[in-house]
Amino acid sequence: MRKYVIMGVQGSGKGTQSAMLAADLDLVHISVGDIFRWHVKNHTKIGAQVRRLVAAGELVGDDLVADVVRDRLQLHDWNFGFIIDGFPRNRPQAEFFLESYDLDGVIHLDLPDEEVRRRVLARRLCSRCGMDYNLIAHRPEVEGRCDVCGGELVTRQDDTPDALDRRLREYYGKIDPVVELFRRKEYVRTIDARADKVTVQQTIRTGFNLPPYTGAVNSRVSSAGPSGGPAAV
Ligand code: AMP
């Protein structure tokens, strides 16, 4: 059983690295942001509660986040372990998590602000199947169209320069105490996230004594259910 948290600023590659790690190690990749986006898209009660916050890039309340994470982990579909991405985002969330779960490692992706801006503002999302694209690193074959389902590619509502600046300020204010807390209690590896995705993945694996990445499994999964589990795409 392997249980990891992956942390890092927007655009640092948390989703990509989690998916690469999850694919051949059979870990369940849980993205809290994807779970909330699913609720918004499907007009659930939770979706109505979080829509404005998600659109503005502001944090959802800790109690609701804790409920969503607890419910997700209670599914116990993670026989070989999990990697949780986008959580915890502040100290109360980290404390809640540490009270309930033992972790094997905390992956802390580090990326300078100017590179964050460049990457985040190039992100696109398929409005139909949720597949992620990036106009720098992963362009669609046909401009503006999803390679998988042909759906229209859109900018995530919260990927605007203003929302990003606000998120960066909020991120650094809140995440440093989380990293501190994990450093005292858990096994944190800070990884330079500027390199290409395979190099970053290999660095993570070396840092945690995991088998090397072979690239044998297609790691581009998209979380399309409230459980945040990989959907068939
Ligand atoms: P992400 O995809 O991780 O950037 O998350 C998208 C949005 O979901 C964030 O801007 C928040 O509104 C919300 N969200 C995701 N994870 C958390 C969390 N741990 N705590 C509070 N809000 C969150």
Side-chain angles (χ1 to χ4, degrees), residues 4-19 29-42 44 46-73 82-101 103 106-109 111 116-117 119-126 130-134 154-179 181-182 193 221-231:
Y4 298 103
V5 160
I6 188 163
M7 298 167 56
V9 68
Q10 293 283 313
S12 59
K14 295 187 298 285
T16 302
Q17 295 301 328
S18 303
H29 171 204
I30 299 170
S31 159
V32 176
D34 280 349
I35 295 174
F36 284 135
R37 277 187 287 278
W38 183 92
H39 280 287
V40 170
K41 192 173 171 206
N42 289 281
T44 67
I46 289 179
Q49 283 173 266
V50 304
R51 184 175 37 229
R52 193 193 60 74
L53 296 167
V54 171
E58 285 170 29
L59 292 189
V60 171
D62 293 337
D63 290 345
L64 181 54
V65 172
D67 286 348
V68 163
V69 169
R70 195 185 298 111
D71 288 351
R72 178 63 189 87
L73 290 173
F82 60 76
I83 177 158
I84 187 158
D85 144 15
F87 174 89
R89 290 269 244 275
N90 58 26
R91 197 177 165 111
Q93 290 182 9
E95 282 166 351
F96 152 77
F97 198 57
L98 286 172
E99 275 167 24
S100 318
Y101 301 94
L103 286 173
V106 176
I107 304 162
H108 177 224
L109 299 176
L111 196 70
V116 175
R117 287 199 187 87
R119 291 185 185 187
V120 168
L121 300 178
R123 286 203 298 207
R124 298 293 180 272
L125 184 74
C126 175
M131 175 72 97
D132 279 318
Y133 292 84
N134 187 292
V154 294
T155 305
R156 268 169 47 166
Q157 257 183 305
D158 55 342
D159 281 351
T160 63
D162 282 354
L164 177 59
D165 283 349
R166 203 168 39 243
R167 288 204 298 267
L168 283 174
R169 280 198 300 276
E170 186 168 83
Y171 174 77
Y172 288 115
K174 295 192 168 160
I175 213 71
D176 289 351
V178 176
V179 178
L181 188 67
F182 279 142
V221 294
S222 149
S223 302
S227 63

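Start at 1 and go down the list; that is how both ligands and their atoms are numbered. Atoms considered below: every heavy atom in the structure, side chains included; atoms not considered: hydrogens, waters and symmetry mates.
Side-chain atoms of Arg124 do not come within 3.5 Å of backbone N or O of Thr155 as any donor-acceptor pair. With hydrogens and angles ignored, the 3.5 Å screen pairs a side-chain donor or acceptor of Tyr171 with a backbone N or O of Val9. In this structure a side-chain-to-backbone donor-acceptor pair under 3.5 Å is missing from Asp85 to Ser18. At distances below 3.5 Å, at least one donor-acceptor pair connects side-chain atoms of Lys14 with backbone N or O atoms of Gly8. Put simply, the side chain of Ser100 gets close to the backbone of Phe96: a donor and an acceptor are under 3.5 Å apart.
Val178 is not listed as a side-chain neighbour of Arg89, based on a closest heavy-atom distance of 4.5 Å or more.
For an aromatic pair to be called close, the ring centres must be under 6.0 Å apart, and Phe87 with Phe97 satisfies this.
In this structure, Ile6 and Gln17 approach most closely via the heavy-atom pair CD1-CB, 3.9 Å.
Protein heavy atom closest to atom 11 (C) of ligand 1, with residue, atom name and distance, is Glu58 O, 3.4 Å. In this structure, the protein non-hydrogen atom closest to atom 14 (N) of ligand 1 is Phe36 CD1, 3.8 Å. Shortest contact from atom 6 (C) of ligand 1 to any protein heavy atom: Arg37 NH1, 3.4 Å.
Of the N and O atoms on the side chains of Arg123 and Gln10, at least one donor lies less than 3.5 Å from an acceptor on the other residue.
Close approach of ligand 1 to Gln93 (heavy-atom distance below 4.0 Å) involves ligand atoms 18 (C), 19 (N), 20 (N), 21 (C). Residue contact check: Val54 has heavy atoms under 4.0 Å from atoms 8 (O), 12 (O) of ligand 1. Applying the 4.0 Å criterion to heavy atoms of Leu53 picks out, from ligand 1, the atoms 12 (O). Here is the list of ligand 1 atoms found below 4.0 Å of a heavy atom in Phe87: 19 (N).
Residue Val60 has at least one nitrogen or oxygen atom sitting less than 3.5 Å from a nitrogen or oxygen atom of ligand 1, judged on distance alone. Between Asp85 and ligand 1, no N or O atom pair is found at a separation short of 3.5 Å.
Here atom 3 (O) of ligand 1 lies nearest to Arg89 when heavy atoms of Gln10, Arg89, Arg166 are compared. Closest heavy-atom approach to atom 5 (O) of ligand 1 among the candidates Pro92, Gly33, Gly15, Gly86: Gly33.
Within the 4.0 Å heavy-atom criterion, the part of Arg156 lying near ligand 1 is the side chain and not the backbone.
Within the 4.0 Å heavy-atom shell around ligand 1 one does not find Lys14.
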